[in-house]
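Here is the structure we will look at.
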Number of protein chains: 2
Amino acid sequence: MNKPATIKDIAQRLGISISTVSRALRNAPDINAETKQAVVLLSEELNYQPNKLALSLRQKQTHTIGVIVPNLDYVLSTMIRGIDEVALEAGYTVMVCQSNESFGREILNTGRLLDSLVDGFIVSVSSETKIFDHFKKVQARGLPMVVFDRVTPHLTAPSVRLDNEEGGLLATEHLLDQGYKRIAVLAGPANLGVSNSRVDGYLKALKKRKVNIDRQLVVHCDFNQNYAYYATLELLAMRKRPDAIFTISDRMALGAMLAIKEKGLSMPHDIGLVGFNNEPIVNLLTPTISSVDQPSFDMGKAAAKLFIEAMHNQEDMYHVEEVLRPKLFVRESSKRL
Amino acid sequence: MNKPATIKDIAQRLGISISTVSRALRNAPDINAETKQAVVLLSEELNYQPNKLALSLRQKQTHTIGVIVPNLDYVLSTMIRGIDEVALEAGYTVMVCQSNESFGREILNTGRLLDSLVDGFIVSVSSETKIFDHFKKVQARGLPMVVFDRVTPHLTAPSVRLDNEEGGLLATEHLLDQGYKRIAVLAGPANLGVSNSRVDGYLKALKKRKVNIDRQLVVHCDFNQNYAYYATLELLAMRKRPDAIFTISDRMALGAMLAIKEKGLSMPHDIGLVGFNNEPIVNLLTPTISSVDQPSFDMGKAAAKLFIEAMHNQEDMYHVEEVLRPKLFVRESSKRL
DNA sequence: TTGTAAGCGTTATCAT
DNA sequence: ATGATAACGCTTACAA
């Protein structure tokens, strides 16, 4: 129940002034070695911890980063671990808010973090967000803001993202290499950038290999729900059904898998399947599912590093765009050769 | 880039004193209606936001709750949404730290949050933690602390948890009802309370139904890894192999499922399977997996409510122990009748 | 080398 | 009903 010690306490007990104590504790240049030692000793004895509030109030910096993410799924929570790692190292604390993919919630969270006087933001925008005024307000206040994972051209800010197009390309080319001819893609909501880029990669691969593009094979459905299941059933009911499916998330791959099995089709023989994210579960299924891996932890670290840089640099870093490369993990669901 | 307005700014522009402004803003009793209106009007125009730092420094309260969790899996992140919901409502902000199931990390996080001058803690202890001095130090400081999900007898604090024993009982009785005779249980690390309670429930059900208890059928293995896969392979290799498995998490159920399929056994015919947590994936697998559901969101809300109460009540609440009830969702993996 | 005092933005106590 | 002023814990000119 003992109240934490302050520099005032130390000063009193040592019979010196608080500014001397302050200096001793921050090893300022002009300080007597003995006085300093005495202060340090006593401060340790009293288990002195500087009061962050007072410090922040004084120097108008909270050393806190506001992080807003649409959810806390496997990928995002891994990224946050990365952010946290770098932030801690640099003396920053992270405050995480989930928008739950809701525009309103995102605005609310932005306000809350602003209220908490965070020094800046690292955000991944919600899929619902089409207006970015709340984020622009943050920038107008002169606070550094890094966008990661879900970037958008509507926000001019330093960013870290996966080369999603490359991911789509890797997956599709692999399927082509395995002899699949008619590849469908299960995409997310049509306004979600990451989804669209992955589809772009898919299209790019087909063009590159001079494969006919059939728009019927590009299906949009709600993310992460078992909508993928129904979408796949429809795909499989086509008169010329696809012989491979690339889903832009592993969750959707699960839904697709369910439909495929239900139709009595076998993987990888009758139909190939490649997911995205490389979540741990894909290894536990039968067959194991091929998936495009993104270096989530490193992306989180990169975002935090960029933030720290933006924080310390005076110059604008709006143009900085870090793009990390995906990697395909081939597993049973698509390995035919 | 405009600096946020302060009460000082308002006072100056209105030619009144800052204390009057302060009063007007907090609708104190003794304030002239007109003055007040003028202040409120101008504060809105300037988009005045009270400085939380100054406020906290003054009244020695940050209105922030430190939350420490072992990870951010499905269950825990749902619980955090619940905590957040109630906290927001009550005017509190939540700061979440992951211990990654590491004792050292948990201590580190406790220190960080303490440094940040949180008003108290809501924690779920790491599976590695066997010494609780860091948490006891928190309590010694007089900060309220609520333990949730992973509670422990070593910590005397108000708590919210699932009736894990009941969960184990529900699962096991259901399997018995379905005619399974030789039920194995895949448990987590031996020092994890939630795991042990679920096993206790399993044992209780067997006793209740007068079924012989075979200690060989109680297997401990590392949580959430695919250790469950290997453990299941071993179980299935027994001369008298079990005809049903209850796993104390869905992740482990996935591993078990993999092994079962690999052995060419069918569910629910040859072998029954019941998991725990009722994660969304269990619905997407073939067969769908029966699972014990815990009201995660409500548990989070309950923990936060308890915290708020402990915060405002003067009396000790060490004795308060809230226990929520699990519910079994029967699916294909165990439905034989 | 050390002390004094102002200031960060707010609230609360005391006068007026 | 309003205004000074001290205080929260700390840093930092400036003075000694």
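Chain letters run A, B, ... following the sequence lines, proteins first, then strands; residues in each count from 1. In this text the structure is predicted, and so the values were computed from the model without any measurement. Basis for what follows: all heavy atoms, side chains included, without hydrogens, waters or symmetry-related copies.
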Practice item. Output yes when A/K60 and A/D119 qualify as a salt bridge under the 4.0 Å nitrogen-oxygen rule, no when they do not. Key: no

Check your understanding: Could you give the CG-to-P distance, from B/D30 to C/dA15, as a whole number of Å?
Key -> 16 Å

Review point. Any side-chain N or O of A/T20 less than 4.0 Å from the OP1 or OP2 oxygen of C/dG3?
Key: yes

Exercise for review: Could you tell me the separation between the CG atom of B/L14 and the P atom of D/dT2, rounded to a whole number of Å?
Suggested key: 11 Å

Review point. Using a cut-off of 4.0 Å on non-hydrogen atoms, how would the nucleic acid contact of B/T35 be classed: base, sugar-phosphate, or nothing?
Key: sugar-phosphate

Practice item. Kindly determine whether B/N27 and B/K36 satisfy side chain to side chain contact (heavy atoms under 4.5 Å, CB included), including the steps that lead there. Key: CA-CA 8 Å; B/N27 41 5; B/K36 178 171 171 177; 3.1 Å; yes

Practice item. When you get a sec, tell me which of D/dC10, D/dG3, C/dC8 is the closest nucleotide to the side chain of A/N51? Key: D/dC10

Practice item. May I have the distance from A/K3 (atom NZ) to D/dC8 (atom C1'), rounded to whole angstrom? Key: 13 Å

Check your understanding: With nearest nucleotides of DNA chain D determined for A/L57 and B/I31 from heavy-atom distances, which residue corresponds to the more 5′ nucleotide?
Key -> B/I31

For nucleotides 12-16 of chain D, which of its nitrogen or oxygen atoms have a protein nitrogen or oxygen under 3.5 Å away, and what is each distance?
unit_1, atom_1, unit_2, atom_2, d
D/dT12, OP2, A/R26, NH1, 3.1

Check your understanding: At under 4.0 Å, does any side-chain N or O of B/K8 touch on OP1 or OP2 of C/dC8?
Key -> yes

Practice item. Return no unless some side-chain N or O of B/K60 is found under 4.0 Å from OP1 or OP2 of D/dA7. Key: no

Practice item. Could you tell me if the ring centre of A/F121 sits under 6.0 Å from that of A/H134? Key: no

Practice item. Could you check how far CD of A/Q12 sits from P of D/dG9, rounded to whole Å? Key: 11 Å

Point to revise | OP1 or OP2 of D/dG3 under 4.0 Å from side-chain N/O of B/S17 | key: yes

Check your understanding: Atom CD of A/E34 to atom P of C/dT1: distance rounded to whole Å?
Key -> 12 Å

Review point. Using 30° and 60° as the class limits, which term best fits the ring planes of B/Y92 and B/F307: parallel, tilted or perpendicular?
Key: perpendicular

Practice item. Would you kindly give the CG-to-P distance between A/L25 and D/dG9, to the nearest whole Å? Key: 15 Å

Point to revise | For atom CG of A/D9 and atom P of D/dG9, their distance in whole Å | key: 8 Å

**Study point:** Pair B/E322 + B/K305: basic N to acidic O under 4.0 Å
**Key:** no

Review point. How is A/L53 classified with respect to the nucleic acid when contacts are heavy atoms under 4.0 Å: base, sugar-phosphate, or nothing?
Key: nothing

Check your understanding: Under 4.0 angstrom, heavy atoms only, what part of the nucleic acid is A/I7 near: base, sugar-phosphate, or nothing?
Key -> base

Point to revise | From C/dT1, D/dG3, D/dC10, nucleotide with atom closest to B/I16 side chain | key: D/dG3

Practice item. Take A/L108 and B/L88 through the test side chain to side chain contact (heavy atoms under 4.5 Å, CB included) and record every step on the way to the result. Key: CA-CA 10 Å; A/L108 193 78; B/L88 179 60; 3.6 Å; yes

Point to revise | Rounded distance in Å - CD (A/Q37) to P (C/dT1) | key: 16 Å

Check your understanding: When you look at B/K136 and B/M145, which way does the side chain to side chain contact (heavy atoms under 4.5 Å, CB included) test go after all the steps?
Key -> CA-CA 10 Å; B/K136 284 176 185 160; B/M145 176 165 84; over 6 Å; no

